[in-house]
Structures are given as C-alpha cells and as structure tokens.
Amino acid sequence: MAAELHPRSGKLIGLSNSNRTARRNQPVQEFNHGLVLSKEPLRDRDVFTVRIDKKVNSWSGSIEIGVTALDPAALDFPSSATGLKGGSWIVSGCSVLRDGRSVLEEYGRDLDQLAEGDRVGIQRNSRGELHLWINGQDCGAAASGLPPKLWAVVDLYGKCTQVTVVSCEPPPPSAERERETIDCSHSRPDKFPNNLDGTGAAGSGGGAGGAGGGGEGGNTNNSPTGNSGVGAGALMAGMTTNDALLFHEKCGTLIKLSNNNKTAERRRPLDEFNNGVVMTNRPLRHNEMFEIRIDKLVDKWSGSIEIGVTTHNPNNLDYPATMTNLRSGTIMMSGCGILTNGKGTRREYCEFSLDELQEGDHIGLMRKASGALHFYINGIDQGVAAAQTPGVVYGVVDLYGMAVKVTIVHNHNHSDRLRRNNAIMRALSPDVGRPRPTLSLTPDTEGPDRLLFHPNCGQKAAIIGDGRTALRPHATDDFNHGVVLSSRPLRSNEVFQVRIDKMVDKWAGSIEIGVTTHNPAYLQLPSTMTNLRSGTWMMTGNGVMHNGTTILDEYGHNLDRLKAGDTVGVVRKEDGSLHFFVNGVAQGPAAWNVPPSVYAVVDLYGQAAQATIMDDMVDLPPLPEDNSEGPTAMSPGSPCSVAGATTTTDLRFHQLHGTNAVITNGGRTALRQNCRSEFNDAIVISNRCLRDGELFEIIIQKMVDRWSGSIEAGVTAIRPEELEFPNTMTDIDYDTWMLSGTAIMQDGNTMRNNYGCDLDSLTTGSRIGMMRSACGDLHYYINGVDQGVACSGLPPEVFAVIDLYGQCVQVSITSSSGLLDNSLCTSNITEKSFPIHSPVAGVAHRLHSKHGKNVVLLGEGCQAVRVGGYSHGIVFSAKELKADELFEVRIDEVDEQWSGSLHIGLTTLAPPELPSCPLSGLSPSLPQLRTKVTWLLCGSEVRRNGVLQRQNYGCSLDRLTVGNRVGVKRCSDDTMHIFIDGEDVGPAATAVAKNVYAVLDLYGRITAVSIVSSSLMEDMESVKAPSLSSESYSRGEVSSYNQGLLVTAQPLARQQLFQFQIDRLNPSWTSSLSLGVIGHSPDRLNFPSTACCLKRSAWLLQRDSVFHNSLKICENYGPNLDTCPEGTVLGLLVDANSCLHLYVNGMDQGVAAQDIPSPCYPFIDLYGQCEQVTIVTNNVQAVGGESGETRCQGDMEKADMVDGIKESVCWTPPPEVNPNKTCEYQALCSRFKDLLTLPDGYFNEDAKYNLCYCESCHKLRGDEAYYKRGEPPRDYALPFGWCRFALRIKPHCEVSNALKKWHIAYHGTSVGSLRRMLDHSQLLAGTSSIFSVSPVKVEGPNGYSEPEENCAPGREVPRVRLSPTMRYSGLEIFAPKVQFRDPRSHRCHQAQVGFQVCVRPGSYKVGPQTLGHSEALDPRFSNSEIEWITKEQGGTLLYGLLIRVE
C-alpha cells in the first residue's frame, strides 16, 4: 500500500512532498481543523506510521491517531478527530475513544508527551484489534471488533503542527514476537493490601489502566486469562470491582471512611485540624491517575488539603498527625509548593494554591513511567513536581485544616474524566461533525431544537418555565452557585439572549454571560463560571475573561449596572469571533478563534436572581461586519472611548498586521492574542503614511509581567501591502526607524543610545507618539512631551509602526493623533532634548559651559548628559567652591553596557581658561587630567594627579545607581570630603588648595546627573550645633542637611502623646524630617549623622514608610513627611498594646509598628529642609477644627451644621496648615497662573485661602472627599488633583449668603475664556468652551416659543453647564488642555483650568450628563444627576480659579 495521505483533508491542512507531509496552517492562531486520512484503506497487519516533524508550545494537547470506517472522499471533516462518528477509534493522549466516547483510559504512552522526531503508528491486526505503535514498539490492544475496511486517521491537533508519513507496512517479525508494550508493564510489589484474583491481575498487567490485557499477548504475566480474548470493557469492569483505587482501611485517628472506602471524612472538624491522613489501598501504577474531589470545607482554620505519595506501606505505618511530619519516603503538595520528607523543595510549584480551592474542585496526581511526579488541579497538569519518584508509591491525602471530606474519582468514570479532557468534551457534543443548515438570527421557536436551559445547573439554581427561566430561589442567602448552561450548543450566528427578571440588592456583582466548550451533562458545575480554567469565555462586569484570566479590561457596558428588564446576549460568528449584546446593542468582538459547538452560559451571580431566555430576536440589529477602515458600533464603555467621539483624525491601524495581532474597535485598537504564550509577531502599522507635523499617538491599555522588553515604536517607508511582517520590527534591514528601549535603531542597527525616554519603563496609561517634521526629523512624544529629535533625514512618506512586543499587550489610538496645534505651546525643545528635572530651590549650583566633547548641558546648566561613548564626560562647577560649601549631584541615568562609574573631586584647573567648547583637547577621563593639580575619588581609590594616594576609602562609586547622591566639599581645614547620599564619608585628601572647582567625570555606566545642591549660605556666626531654647530645637547650619538628630531626655509613657510643630523649612534642600522611637537610653547612644543609621532597637518614620533597625517594614503609611509644611504638628504615641502611632495635626494615622519596648525615647531628625521644631506641651487643635472667626453654635447656619466642623477647613484653612510654602505641585500651578498674566486684583490677597488638593496636601488637612453646602444642603466633591486660587469677592455680593446658603459647583473652561469671566465675576455666554455654554430656545409647554419677561421675542437664553464634581467638569471636552513650558524647570506640561463657583439654590436644573458616558464618573453622583444647567443671570458667583497640571 502506498504511504500517502488523501488529498481531502481538514480546512487548515496543507499537503506537500507528494502528499506525504501535512502541515497545519496558522499554528499559533488555530489548534484544530488539522485532520488527515490515509489515501487507501489499511490492510491487516500494516502499520501506518507518521513522524512528528514540528510542534509549538502555544496549546495543550497534541497529535491524535486512529482509524475510521468513513470514506474520506465523502467525509464532511469535523474540527478534530474526536468528532468522527460512524465507526471511528481514536487514541487521544492516553485515552481511546470510539465515536467520540471514551472506552479506555490510561492506555499506552501519552501522545501529548511525544517530541519532534518521534514516530507513531496505527495497526489493525488480523484479529480485528487496534494496536498503537510508538517508535517501533507495540503498545498492545487498544480496542477489538474492528470492521475490515478502515482508513488511518491522523489529527494535527494542538501542539502538533506537521507530520510526514514514513511507512505503511507490516512490522518486522521480531517485533511481533516480542509484542512488548510501552510503559505498560511494571513490576508489582510482592504484597498488596488487598488480595487480587487471577482475573484482576491479568487485567491490570496489559496496560496502564489494566485495559490491555485482552490484547494479543498484551500482558506480560502468564495468567491463563491473558490470551482469553476478554474485551476491554470486561477488563475495565473487572478492574472496577476488584482492583479499584480505594482508601486503605487503616487511616488517621479522626478519619471516618464511607462509600465503599471511596470517601474519607475528618471527625470533629471544628475542634480538630489534623490527624486526618488517609492512603490508597494499593500502590499506584505508572501513568495511573489518582484523583479526589473536595466535598466539604470549613472556614475555621488556616491551611487546607495536602496530597502526595509515599513509599510507606499503610499496613506498617504509624500514622503521623500531619503527613509533612514524616521525614522519609514522602513527597507532598502543600499550598502551592512541594515538600519532600517534610522540607520545602519547591516554593512556587504552580499558580494554584491548594489552600484556595473550593468545594467541588478536583486534585489529582500521577507518577509517570519516567519516574516524574505530576499534580493536576481540575484536570490541568501543573508540570513536573519531582523528577525521580520511587517505583512503588502509595497515594496519600491529608485532610488538614479547612479540608474535611473528599471522595476518590475513578479514572474510568468518564463523567469526571471528560471534564479534564477538552478534546473528549468537544466530542460529547451530539452535533459535532455534522453539517448544519444555515440559520438566521430568528430561530423557529416552535421547532424541536429550541434553545432552553439544561436541567443540570448550579447547586443554588433551579430551572422553571419549561426550561426557559433560571433562578436562584434563595438569592438573599447565597450569591453564587447559580451557573446555568444552554441545552444544546449554539449554532454559528445564533444569538443567545436572556432578560434579567429579578434582582436583589444585597450583593456586589451581577449577571455574567458567555460560552463554554463543556457539555452540561458531564460538567461538574463550579461555584462561579470564571473559576473554570478551560474552554470558557465570559463577560463579567465590563471585562472579558478566558479560562479565568482577564483578556479585555474595558470592553463594553458594565453588566454590574444592569437592572431588571435589561437584556444580555452572546453570539459566536462563523469566523470564530465572539460578540456580546447589552439591551440589543452589539458591544463589538470580545474574543477570536472560539471553537464551534460551544454552549451558552449564564451565571446568576450576586444581584442577578432570575433570567429568562428571549426568543424574539427579530428586533436585534444585524451584527456589524469587521471593518478596519471605518467605525464600529461600540458601547461607550468599549476601548473606543479612548479615541472618543471628539476625534476627527482618520488615522487607524491597517488591516494587514503580524500573525499574533488583532485589530478591533474600528481599527483604533490593536492587541496581541495569546499574550502569555506569545511575545512577538504582533506588529501593527498605520493605515496611511503620516503627514508632515502629524502626530500618531497611542495609549498603552494593557500589559503583562511575563516577559522582558516592551513596546517598540517607529516609522517605516515600506507600504503595508509590500511588508512581509517579521517577528519583530527591528528585524527589518531597510527603510525602517524604530525606538527600542532607549535605543534609536535604523534598519535593525543601533544608531544612538540613551535617547530621552525608555519605552521599557512605560506603564499602563502611558502615551507614545511619533511625528515626522517638515524637515524630515523624527520626534517622539511621551505623555504629550516632546523628547526631541531622534533621527533626521526621513523620506517624505513614512507609516507609523507599533510592535506589541513583550510586556505590552494592547494599545489604542488617542484623540490627540493628528496635526499638532502649537498655538498655545510655549515650549522650545532643543535638538538634543532629554527629560529635565527641576533644579533645587534658591540659587542652585550650575555647571560650567566648558566640558567634555560628549556632554550636553540642560536645564540652565543644572543637568549633564553624556550622549555618546563611555568617556569624554568631564564637567566642572560654574564657580570656585567656598570653604565648607557642598557641591552635590544626583545620578539620573545609567547604562549597564559599560563598566566603570562616576569620578568626582576638586581641581585647580579653571574652566574659563580652557578653549571654547567642545573641548576636544580635554582629557577623555578625569584620572588622566594632569595639567593642574586634581584630587579625585575613583571607585574607592583617592588619587592626586592620577597617582594613588589612598585605597578602600568608603563605599565604592562603582556601586552607584539611579537616585544615589554624590557630593564633594572643601572644608576650612584644607581637606576634601566626599558625601554619599548625604553622609560624610570623611576626609579623602589633605592640603587641598583654596581656589578649586568641583569636577565630575560622567564615565562608564553613569550617563546623566543633575545638581541637587545650592550655593545659599548664612553667616558663619550662625553655624552652631543643634540648640535648645525653652521648647525649640533648631539646626542652624543651613549648608548642611544632616547631623540634626535629637532625642528626648525622658522616656515616653504609654498613652502619652508627644507632639512638636515644624517651625522653619529651608527649600534649598530636598527631603525633610523623620521621627521615631528608640528602645534604649540616649546616654549610651552614639549619635549618627542621620536617623536612618540607627540600627539597634529603633523604629523610624521617614517619608511614607516605617523602618525598624534600618529595614523597611511598612510602605504607604500616613502622609509623606517630606511634604509637611511649616506649622504641621506631628506626634508620637505608644498605646497600651505597645503599638506605635503617628499623629498629624492631631489625627491618628493608625498603627505604624508593634511590640515597642518600654521604656522608649522619642527622637526627631532635623534633616534636609527641616531646620527648626518646637515641642508642643498643650493640646493642639486638630486639622479640621474650628478656624477663622469665632462663633457660637447658635450662630451657625444650617449648612454649617450639615457640613460639620471640618467644612471650614475647605474655605478658611488655618495658616499653620497652609502648604503653600512647600508644595511643589502648588508652586508649579502658581507658575502657570503667572503665565496667564491675569491681574492680581482678581485674587484674594491672603494666600492662606489658596488650597492645593494634591494627594499629600489634602491628606495632611484630613479632607474628606465630599461635603454638603447650602439651603437645602446638597453634596459636592472636593476637586482632588486640582489647585485652587481664591478669588476676591466683589463688595456688592452677598458674601455671607453666597458662602453659606448657596450650593457649590464647578465649571470647566478654556484658557482664552478666563479674562472676560473674571471681569464680570460670573459665567457668561460665548466665553466658555462651546461645550460648556450653549444657547437654547425658550419654548412654552406646547412647543411654541414664549418670550420671557422683559425679553425680546425669539431671544436665545444662554445655558451654562455646571457639575458638583470636577470629575465631570474637568473632562477635556469642557476644560481643554493647553501645553506650557515651566519657566523654572523648562519642562513641558499640560494644564487645564476651571472655576469653583457658588450657585443660588433654585436657579439651576439637575439633569443627566450629555457626553454619552455609560460608566459612573463619580461614585457619589449618578450620571443622571451629574450635570446642572442654569440660565439665570447672576445665579453664579466665582469663588476660586482651579488649575490642574499634568
């Protein structure tokens, strides 16, 4: 017989090599449709053998092989071999299926484990038996009674993508005589706990499951039954009754066995948590699955079930309390780790933790023939847990902690086994492989194939109404176990839609809907469908999950917000895409490559209590066709909201893209499918070339932490139609410019390193843009900020390219894409542009304009960047250093490709005497600078003119990294001192000349530094040690920022609050004070330079972290102490439970640390900005206390009573908590306000009324998010993230009424509209953005125009939109962003403006938002009440100007 394949095959198969080689196309996108058959029927004894040529790792499952009586010439090919009916026998994994039904488990060798190069054959012998051959060895009889005419079947399924037929001929006579089975015959122990009769022994000897015994010499023992011809079914029955895996009768002291020793339960589960060990009644066979189901859990204990194997015979074992106490011959899975002989050998074995499993979950284990031990969670192989396991082992289960009751699940029970095998579950669908008639969206509701709910449903669910309605009868008692499935699979393009009939308001979450490949007749229903880890796609909330993992975060309308009467639906289209409907509106494609014959799923979760299938589909719109060039009907909550309705650009992603990329959302969104198994092949390109000055900007919407590397972006002159998409775009070697990390690459070669941004450091929400200028320069924009020229000389027509590589999974084109409008942009980015950090306050040090040839100075000489090579990076201070003047820099960037590090020191070489820059004649590195006397630190070596003077001086500079600070000082005693992170390392050199400059060498790894020191100094007379006046402590030397540690003389008693006030801050420095307690007397304390050096019995509060003995023990605790302004009162208290508390302005921040010893002594470190504090001996009024004018309770207005005392903070903050002096964000907003050139007369002269609502400031004040104001009281939200500048109230205004009885609202506007509004002290028509003020016709009740009183007929009345929250009024559609350049830092920012206004009650109308947003914009305000509209002249009073800067 010719060894060829039939020309008819599965739809994804490509044949070659004279029809001897078959390849599955699109192997990483599709896992099935790879069916091939032999060209001719098999002859008896011929072994049809194929070689596995190629496999991929994207899928589970692999090659399947068998025989069928169906003629391939007339066969309607199903998606996989397990779908063949009409006389077909298929070996899948280690199972044998007949017509899609499992007839034999654990047969032969697992086909999924075969590798490339292995050979697999199938044979029908002369007795009508089916045999599997692997690498020339017979695995024994797999089935009997086969018809004579059969074709060989090979399914290139899952991982297997290519095979070649190598032969079709009888095996050699020696192989038939030996007839050895592979991995099926194993040594058995001399004694079994149960005696087995001859039949049972024979049945177990022939195969892994004992099923091969009826074969042709299939077993290796000499039992008379070995060749008796007993069928596989009889052998399986015999094994079930005589050799089934059960629990051994001898077990732990608290174990009770039942159900014929298949169920084990721990007695007194609420009183005892251990002594629950059970073992199997016999050793496990090779490749035999030992699986249990969790039947009962209690939530009293920590820890849960443990499972594993042991070499100990249960007859002879003295059972321990827990199995992990056994110190020999035992391997256990506990939690998510592996313990061998009681000791942890693998800490993170798998993603699942046994402690998190629920009732109904399955746990299994298997010892492979190779000796490898595998564990299975709900049928999913977790991989190799131990490589070498002894040959004779017993299964063991420890019912520990929460685990109370389990039951053994026998492998031959297909209703459980099928749940773990996707291929078999697909075969269980009664219609798989059958041709289906084309159906419309309106099925025949009277037909016998009507969509109903399957009677097998969740534990807490019930099916009523002839199968059309599902409900949770006790919805107020339980929130889950409400899963229901359709009674049959969905047809292609068939919409399954349900109406929510009943809701309860007790729970969070609501209905979930989707599809699954699992047949409801055999599915062990989980508590929630998202717990299922295979073959399932669900829409939950506004996201989509696949096998329990989120694949789309912001997909469509949020299902949790639906009400009774709303409808949800799902459909699988013919192309394999999955779509969801909400109230008949298509939400767009949610998933791709969904297999056919999936069942609809509804999870009545949380609030959803009852749903009914809707048959009247006629009103549903037809599904929109995918069109990458045009818009797609999408929900407001879908990813297209990134682009928004305001976008006018026609830029989209092209319909041609990489094999792993998917374009959706009308061409605006691109994502990489299989993001956790594939990291490349996801290149997307713009649909047209970019115009000159046109920005192509995308926003990163989703990332995964599985890979290294991330998004790459650039341009190419190659048209999409001519591009053969490579794995990554940097593989292209012509006409392509890409940014990868910080490297600019042209045609795959790096042309520049250390560009101004690092794409690998971007996170979700970051924006990346590319623009080709008119002169051919390529610019990149990060979050709207131009990073400067990346390269020049680009051709005129280039396409934007995005490579969704590594961690980056999904991006969308933003509304900022298009031609840039620079009319409001004051930036002037230089050609060599890098991110610029703000210099320090005060008269900051500067770098001299004379420097090495590879150096670029930025930020008015405050930052130095080496732009090429590893040397020629010498820079000097702009002036000579004075005595005791510290010159300090911070490391901003490092490049790990180089060795070596920063050099720092002092030199007598005067930079003004050097020739003009660039200094090509200057030494390439500082150790070679010898024209003048130079003292420097190189690594840990001190050198003078290159000559070694001292070794092992302090910490080596080679260890510096980003964020470290390094400084140099010439002291008055003629010594050079080096400072690392603020700590004086000591004298490095002596006899240093007086007139010296600071000198640095950006050498090797260090590529960028910025100055953090200042030249501000006080008179030397004021230099003194920390001093004490009655209650005031200060650090007098402002040229130093440390050596300011103070400790109280008396210990701190329990429940006693120790408080002090910050009196004076010096903005010349960064960072600020820290505080804490020590557990020993200060008399024995050797005071270090900073508190962070305290390493014995010390608890330190620094910034927003807590340290114990210099080790960080807590993060994000309380406000950031570096942002505390002058006047802030800080306190420490140790409670009766020995817990340390921090108080800020009288407010307890919670427990910072525990187990504080007694006695303990408070300490304060006057570090950085903090120069003076005063101990507070009396009670300090907490922030939020009464301030401003004093008034009695009877004088308070009703609104004040509603607001509570804290409301006054919002309007008249006490001067002592005004952050105006130190908040950098408020200072930045103030500088932007100055750029607006608004007259000072508009603003309140008292700066204490200006409030910053950045995170640090509002936390320091203790602001709540919402307050009430006015008569009647109405809620409003504080404008967190904005900065308010108080406006001067006009004298004629009723200030008391406006501030007390009027309501508070916000109005977003444009920069150009501010002046006229301020002139009139109210909002005016025609001055705000077109979205905020619009004319409206006045109409009477009958629709006819009726003039208002004193108004001319036909007059248009302006309508002003307000909102009680800036989350709405601050949207960009109301408050357009404007770009500006900070005059101090020279960095570019984007700003928005708005007003805080008082609104007269009754002058406005509350209505719904008009932007079409489906998501709640503010949790306090419904979208139906978030917009206020007023038409009354004088109904608004401007109270404050709001500014937000990004």
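We find the CG-CD distance between L778 and Q787 to be 12.0 Å, quoted to the nearest 0.5 Å. Atoms CG and CE, on L936 and M976 in that order, are 7.0 Å from each other to the nearest 0.5 Å. Between atom CG of residue L957 and atom CD1 of residue I1006 there is a gap of 9.0 Å, rounded to the nearest 0.5 Å. One finds the CD1 atom of I700 at 4.0 Å from the CD1 atom of I768 (value rounded to the nearest 0.5 Å). Taking CG of N854 as the reference point, atom OH of Y870 lies at 10.5 Å (rounded to 0.5 Å). Rounded to the nearest 0.5 Å, atoms CG (L762) and CG (D760) are 8.0 Å apart.
F1380 and L1228 make their closest contact through CZ-CD1, 4.3 Å (heavy atoms, listed as atom of the first residue, atom of the second, distance). When every heavy atom of E694 is checked against every heavy atom of R691, the shortest pair comes out as OE1-N, 2.9 Å. Nearest heavy atom pair, residue K994 against residue D974, reads NZ-OD1, 3.6 Å. Heavy-atom minimum distance, Q1379 versus G784: NE2-O, 3.0 Å. Nearest heavy atom pair, residue I874 against residue L926, reads CD1-N, 3.9 Å. Closest approach of P912 to Y997, counting heavy atoms only: CD-OH, 3.9 Å.
Looking only at distances, no side-chain donor or acceptor of R970 sits under 3.5 Å from a matching main-chain atom of L886. In terms of modelled atom types and a separation under 3.5 Å, the side chain of N945 and the main chain of T934 share a donor-acceptor contact. With hydrogens and angles disregarded, a donor-acceptor distance shorter than 3.5 Å links the side chain of R772 to the backbone of P795. The backbone N or O of V933 lies less than 3.5 Å from a partner atom in the side chain of T908, making a donor-acceptor pair. In this structure, S877 contributes its side chain and K879 its backbone to a donor-acceptor pair below 3.5 Å. In this structure, the side chain of D777 does not engage the main chain of S792 through any donor-acceptor pair within 3.5 Å. Side chain of R930 to backbone of R944: no donor-acceptor contact under 3.5 angstrom is found. Looking at D1165, its side chain does come within 3.5 Å of a backbone N or O of A1091 through a donor-acceptor pair. With hydrogens and angles ignored, the 3.5 Å screen pairs no side-chain donor or acceptor of D786 with any backbone N or O of Y781. Listed for the Y734 side chain is no donor-acceptor partner under 3.5 Å among the backbone atoms of I718.
Other residues, nucleotides and ligands contribute more than 12 heavy atoms inside 6.0 Å of the CZ atom of R950. Within 6.0 Å of atom CZ in F1107, more than 12 heavy atoms from other residues, nucleotides or ligands are found, so the atom counts as buried in its surroundings. The environment of E1446 atom CD is dense: over 12 non-hydrogen atoms of other residues, nucleotides or ligands sit within 6.0 angstrom.
In this structure the side chain of I744 never reaches within 4.5 angstrom of the side chain of W737, judged on heavy atoms. Residues T742 and C757 have side chains not in contact (no heavy-atom distance under 4.5 Å, counting atoms from C-beta outward). Under the 4.5 Å side-chain criterion, counting only non-hydrogen atoms from C-beta, F979 is not in contact with R965. Inter-residue side-chain proximity for L690 and L695 is flagged as unmet; no heavy-atom pair is nearer than 4.5 Å. Looking only at side-chain heavy atoms (C-beta outward), C1229 and V1445 come within less than 4.5 Å of each other. Within the 4.5 Å cutoff, the side chain of D1001 has heavy atoms near those of the P927 side chain. Side-chain atoms of L906 and V999, non-hydrogen and from C-beta on, never get closer than 4.5 Å to each other. The shortest distance between side-chain heavy atoms of I802 and I683 does not fall below 4.5 Å.
Results of the side-chain contact (heavy atoms from CB on, under 4.5 Å) test with F887 over I904, V966, L1000 single out L1000 as the only residue that passes.
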With side chain to side chain donor-acceptor pair (under 3.5 Å) as the criterion, how do N1120 and T1123 come out once you've worked through the C-alpha distance, each side chain's angles and the decisive distance to 0.1 Å? CA-CA 6 Å; N1120 190 335; T1123 64; 5.1 Å; no
One pair to check against side chain to side chain contact (heavy atoms under 4.5 Å, CB included): R1384 and R1231. What are the steps and the verdict? CA-CA 8 Å; R1384 174 179 157 184; R1231 292 195 292 272; 3.5 Å; yes
Audit row: L794, V715, side chain to side chain contact (heavy atoms under 4.5 Å, CB included) steps and yes/no: CA-CA 9 Å; L794 269 65; V715 295; 3.5 Å; yes
Please lay out, stage by stage, how T961 and N964 fare under the test side chain to side chain donor-acceptor pair (under 3.5 Å). CA-CA 6 Å; T961 186; N964 289 135; 5.3 Å; no
Give the C-alpha distance, both sets of side-chain angles, the deciding distance and a yes or no for side chain to side chain contact (heavy atoms under 4.5 Å, CB included) between V801 and T736. CA-CA 9 Å; V801 179; T736 301; 5.7 Å; no
Begin with the C-alpha distance, continue with both residues' side-chain angles, and end with the deciding distance and a verdict on side chain to side chain contact (heavy atoms under 4.5 Å, CB included) for L1002 and V875. CA-CA 8 Å; L1002 276 62; V875 292; 4.1 Å; yes
Evaluation steps, side chain to side chain donor-acceptor pair (under 3.5 Å), between D1122 and S1072: CA-CA 5 Å; D1122 289 349; S1072 188; 5.1 Å; no
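When the salt bridge (Lys or Arg N to Asp or Glu O under 4.0 Å) test is applied to R767, the partners found at least two apart in sequence or on another chain are E697. In this structure N680 satisfies the side chain to side chain donor-acceptor pair (under 3.5 Å) test with no other residue, sequence neighbours excluded.
Inspection of the E1171 and N1066 side chains reveals an N or O donor paired with an N or O acceptor under 3.5 Å. A donor-acceptor pair shorter than 3.5 Å cannot be found between the side chains of E888 and H845. Donor-acceptor pairing under 3.5 Å is recorded for the side chains of E712 and S740. Defined by atom type and a distance below 3.5 Å, a donor-acceptor pair is present between the side-chain atoms of D1382 and S1385. Side-chain contact annotation: E893 with N754, donor-acceptor N/O pair under 3.5 Å absent.
Ring-centre distance between H851 and F876: not below the 6.0 Å cut-off.
Between K882 and D884 there is no salt bridge, since no side-chain nitrogen of the basic residue lies less than 4.0 Å from a carboxylate oxygen of the acidic one. In this structure, D895 does not pair ionically with R866, as no charged nitrogen and carboxylate oxygen lie closer than 4.0 Å.
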